[in-house]
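Notes follow once the structure below has been shown.
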Amino acid sequence: MTTITKAAVIGAGVMGSGIAAHLANAGVEVVLLDIEKKFADGGVARQLKANGFMDKSFAGRITTGSTGDDMGLLADADWIVEAVAERLDIKQNLYKAIDAVRKPGSIVSSNTSTIPLAALTDSLPESFVADFLITHFFNPPRIMRLLELVSGPKTNPEVTAKIHDFADRSLGKTVVVCKDTPGFIGNRIGNYWMVVAQNEAIDMGLDVEEADAIIGKPFGIPSTGIFGLLDLVGIDLMPTILRSLQNALPKTDAIHDYDAEPALIARMIAENRLGRKSGAGFVRLSADRKTRDITDLKTGDYRPMKKVESESLDAAKGDARTLMEHSSLGGRYASVVMEKSLAYAAALVPEIADGPDAVDDAMRTGYGWKQGPFELIDRLGASWLVDRLKARGLAVPAYLALAAEKGGFYSVVDGKLSCMLPDGSVRPVMRGEGVITIADLKLATRPVADYGCAALWDLGDGVACLEFRTKMNTFSEALLDAINAALGEVAKSFKALVIGSDAAVYSAGADLRVFLDTVEKGGSEALGKFIDKGHQTFKAVKYAPFPVVGAPSGLAFGGGCEILLHCDAIQAHAELSIGLVETRIGVVPGWGGCKEMLIRQYGLAGATRGPVAPAIATFNLIAPARVSGSAFEAQSLGFLRPADGVTMNRDRLLADAKRKALSLVDGYVAPEPPQLALSGPSGASAMRNIIEGEALAGRATAHDKVVGEALITVLSGGPKADPLKPTTEDEILALERQAFITLFETPATVDRVKHMLATGKPLRN
């Protein structure tokens, strides 16, 4: 693994400070400079407010300064990132100043997206040029996975390889190698798509609501659609970007077909309707701050937001091809925007990238599309698209015509996803070295066992992987049965088990409908049996005769958190949101969450502190349903232990979890069942004071107090608990079970569950 221990960022604006924050997230010591130190300090403050740090303490890894007084701080930096204004003269003068202080072999890169690398390095020393490249981050750097990497003909290949590896493994980026062309990949295609979608909607006189709905979900594009995205980016910024591209590209490029600043956009800029940053754009809050007003694309004036009514959307039922074929205004809009955008992308290969996979990676990770342009073309049908373009009188790119002839851009060859290149040859889709995904396994092999709601896969080297397949990976009786069956299969044929998948969500916990149906059909007795089954299953995970490693990403709530707490180890994606959130629906954790967090807190507190401190710490996590904002915060909260691992790149999570599982195999012995000294009445009194204080402050409702009392009983062991008489694991589970059933019998909890199912939001009753 490439090691960069110290980095520097020059320019503390939105992008520069975001890059600095994310370098700090990666454990790197960072220098952040701006013209004046106060601007660099402001950049750190901005990132603290914007959650640019995965843990607020990481801000302490950044040293701030000014370019006038503190350039010497760059002397021992391994990597120096320039993120200043997009002016060639400013950048080149800065490079000369950097070169005067940097150590030999240090890497220098620019975050530019508009100035060619050849222009940036013109007239600079060859020794500097050899260490220079472009690293184009997307905003916000912590969240957006795309990093476009551009090297010049004189860039040292080792420099490119080092940054590629570090950005992949340590920054968690999808690194896309681009050619030195205007806008690279993401912004070249993305901005063309945006101007087509914007101008065609204005010219056709669509409603903003319908345009966003049409150009969003049916094509796997974020729900912001086009006008929501323009409000987010900044309406005044788009004409500047588009003009820059138009100035840099030949008149034959299709981007010249559209006005960079149509009359409506010019009017909105003049009226300071710039989007979210000004509080008004295509959407604004109405005068009463309760509803939203929308810009009418015909008049340019605001009107109340209305429900989307679209004949084409109703007819398409989510199918993109049907939508584009519909004869209504909405169908014609979808057709012209996507046909032109997809054809544009096909016309740019190999100009901007060697193959379709780089383009698709860029649009998925830089613009949030579920499928990139070439994946979309394959979904629609390359031949179908060619016929549509011919009917519209548009040119058919040669690469697209070839795909129509060959049956598409992607295929499976020898069990590997492969792509066709512009010359007609086929190669495997590029993957990072050592990456393991369930999607790739599905192409190459069959699962060891298929349980319907879950599947067991062979990761190699004696490690199996259990993949959940339910909606949001929620737990049902069938999934609990699958876990038990998988444990039996692993015991016979494998050395270790990883529980994880490619899914965006690890597990949203137990299926609330299952709980509600169980109670309505079988009452408390049936609910008790379901809880018992969860206890038995999760204990089987904990005491399996082989190591079990949880590999969570996305969110792991409720039961999803609880199964992880029963694993021998966790290898978590850095952006993990984990928590025991059961109090939001009026119950307490019912599958060992209370017990496992008590065990963790006892370990953190140490035996000398007694039983009250762990009980209070656990109460303060569970009662307010605290969740982590990252895996690093999860460690500080106790959901992850110090020995648990964090993976920055989501694509590498299963491989890292497999590695951790193998590290536990030799000499593995299942843990001994714990016994805890619960705090009894003294701890209960301390926890009761907390909830009373929250109620007095207006932060705890009447039912929160009821739920809090039930939680206090579990964590303290009840009124008869004696700290001198250790409590067994099963005794704590019995307390959990009783508290869960009792609370589920209350009308207020049932109301919370039904409200959550209906709205997806907690009820404060």
Side-chain angles (χ1 to χ4, degrees), residues 1-11 15-16 18-32 61 74 76-84 91 94-95 98-99 102-113 115-118 120-121 124 126-139 141-142 144-181 184-186 353-354 358 361-362 365-366 430-435 574 647-652:
M1 181 181 293
T2 298
T3 301
I4 289 177
T5 59
K6 183 175 181 179
V9 180
I10 304 178
M15 282 301 299
I19 294 167
H22 197 51
L23 286 164
N25 290 335
V28 175
E29 180 186 349
V30 184
V31 171
L32 178 62
R61 295 171 178 169
L74 310 184
D76 57 346
D78 303 306
W79 179 18
I80 302 165
V81 182
E82 169 267 303
V84 300
K91 291 178 185 290
L94 178 59
Y95 298 155
I98 291 171
D99 203 30
R102 74 184 184 104
K103 67 181 181 181
S106 62
I107 300 168
V108 183
S109 71
S110 174
N111 185 56
T112 187
S113 61
I115 303 175
L117 185 146
L120 291 172
T121 56
L124 289 168
E126 286 192 11
S127 59
F128 183 89
V129 175
D131 293 332
F132 184 85
L133 67 167
I134 290 173
T135 50
H136 180 221
F137 290 81
F138 276 62
N139 193 40
R142 170 183 169 179
M144 300 305 293
R145 291 187 60 187
L146 178 59
L147 179 76
E148 293 181 316
L149 188 62
V150 183
S151 301
K154 296 182 179 179
T155 304
N156 184 339
E158 292 182 3
V159 166
T160 304
K162 187 172 184 178
I163 291 299
H164 192 298
D165 185 67
F166 180 80
D168 170 352
R169 297 175 187 271
S170 298
L171 296 179
K173 297 299 177 185
T174 297
V175 182
V176 174
V177 176
C178 307
K179 297 185 179 181
D180 192 14
T181 57
F184 309 134
I185 297 176
D354 290 329
D361 279 346
T365 58
M430 305 302 289
R431 292 278 190 259
E433 183 184 359
V435 167
T647 296
M648 293 295 283
N649 192 321
R650 175 65 181 85
D651 293 341
R652 296 188 175 278

I want to check something: taking the side chain as every heavy atom from C-beta on, are L149 and I163 in contact at a cut-off of under 4.5 Å? yes
Identify the heavy atoms of A358 and V176 that sit nearest to each other, and give their distance. O-CG1, 3.6 Å
So do the side chains of H22 and L171 get within less than 4.5 Å of each other, counting heavy atoms only? yes
Minimum heavy-atom separation for A118 and D180, please, with both atom names. N-OD2, 3.3 Å
How long is the span from the CG atom in N111 to the CD1 atom in I10, to the nearest 0.5 Å? 13.0 Å
Does some side-chain heavy atom of M15 sit less than 4.5 Å from a side-chain heavy atom of F137? yes
Would you say R431's side chain and V435's backbone share a donor-acceptor pair under 3.5 angstrom? no
Okay, side chain of T112, backbone of I115: is any donor-acceptor separation there less than 3.5 Å? yes
Derivation of the side-chain contact (heavy atoms from CB on, under 4.5 Å) call for T135 and I19: CA-CA 11 Å; T135 50; I19 294 167; over 6 Å; no
Full working for side-chain contact (heavy atoms from CB on, under 4.5 Å) between S110 and Y95: CA-CA 10 Å; S110 174; Y95 298 155; 3.4 Å; yes
Where is the tightest heavy-atom contact between S170 and A26, given as atom of each residue plus distance? O-CB, 3.3 Å
Candidate pair C178 and E148, rule side-chain contact (heavy atoms from CB on, under 4.5 Å), full reasoning: CA-CA 6 Å; C178 307; E148 293 181 316; 3.6 Å; yes
For residues 150-161, which residue pairs qualify under salt bridge (charged side-chain N to carboxylate O under 4.0 Å, His left out), counting only residues two or more places apart or in two chains? none
Contact summary for A20 and L32, nearest pair of heavy atoms: CB-CD1, 4.1 Å
Quick one: CG on D165 to OG1 on T3, what's the gap to the nearest 0.5 Å? 9.0 Å
Rounded to the nearest 0.5 Å, the NZ atom of K173 sits from the CG atom of D651 at a distance of 12.5 Å
Are side-chain heavy atoms of L146 and F184 found at a separation under 4.5 Å? no
Can any side-chain N or O of E82 pair as donor or acceptor with the backbone N or O of V108 at less than 3.5 Å? no
Please determine whether side-chain contact (heavy atoms from CB on, under 4.5 Å) holds for the pair L74 and K103, giving the CA-CA distance in whole Å, both sets of side-chain angles, and the decisive distance to 0.1 Å. CA-CA 8 Å; L74 310 184; K103 67 181 181 181; over 6 Å; no
For residues G186 and A362, report the shortest heavy-atom separation together with the two atoms involved. N-CB, 4.3 Å
List for me each residue that meets side chain to side chain donor-acceptor pair (under 3.5 Å) alongside K179, sequence neighbours excluded, and say none if there are none. D354
Backbone N/O of A24 and side chain of R61: donor-acceptor pair under 3.5 Å: yes
Is R652 reaching over with its side chain to a backbone N or O of E433, donor-acceptor style, under 3.5 angstrom? yes
To the nearest 0.5 Å, tell me how far T121 OG1 sits from F132 CZ. 7.0 Å
For residues T155 and T160, is any side-chain donor paired with an opposing acceptor at under 3.5 Å? no
side-chain hydrogen bond (donor to acceptor under 3.5 Å, both in side chains), that's the test. Do T5 and D78 meet it? Break it down for me. CA-CA 7 Å; T5 59; D78 303 306; 3.1 Å; yes
What residues, two or more places apart in sequence or in another chain, satisfy ring pair (Phe, Tyr, Trp, His ring centres under 6.0 Å) together with F138? H136
Under the side chain to side chain donor-acceptor pair (under 3.5 Å) rule, collect the residues that match up with T365, sequence neighbours excluded. none
Working to the nearest 0.5 angstrom, can you tell me the gap between L133 CG and K162 NZ? 12.0 Å
Between R102 and D99 (salt bridge meaning N to carboxylate O under 4.0 Å), is one present in this structure? yes
Name all residues meeting the side chain to side chain donor-acceptor pair (under 3.5 Å) criterion together with T174; count only those two or more places apart in sequence or in a different chain, and write none if there are none. R145
Quick one: does N649's side chain get under 4.5 Å of R169's, heavy atoms only? no
Identify the heavy atoms of I185 and A353 that sit nearest to each other, and give their distance. CD1-CB, 3.7 Å
Residue pair I107 / I80, side-chain heavy-atom distance below 4.5 Å: no
Would you say that V177 contacts M430 through its side chain, given a criterion of any heavy-atom pair below 4.5 Å between the two side chains? no
Please name all residues satisfying salt bridge (Lys or Arg N to Asp or Glu O under 4.0 Å) with D76, sequence neighbours left out, ordered by chain then number. K6
Before you tell me yes or no, could you show the steps for S109 and W79 under side-chain hydrogen bond (donor to acceptor under 3.5 Å, both in side chains), namely the whole-Å CA-CA distance, both residues' side-chain angles and the distance that decides it to 0.1 Å? CA-CA 8 Å; S109 71; W79 179 18; 3.0 Å; yes
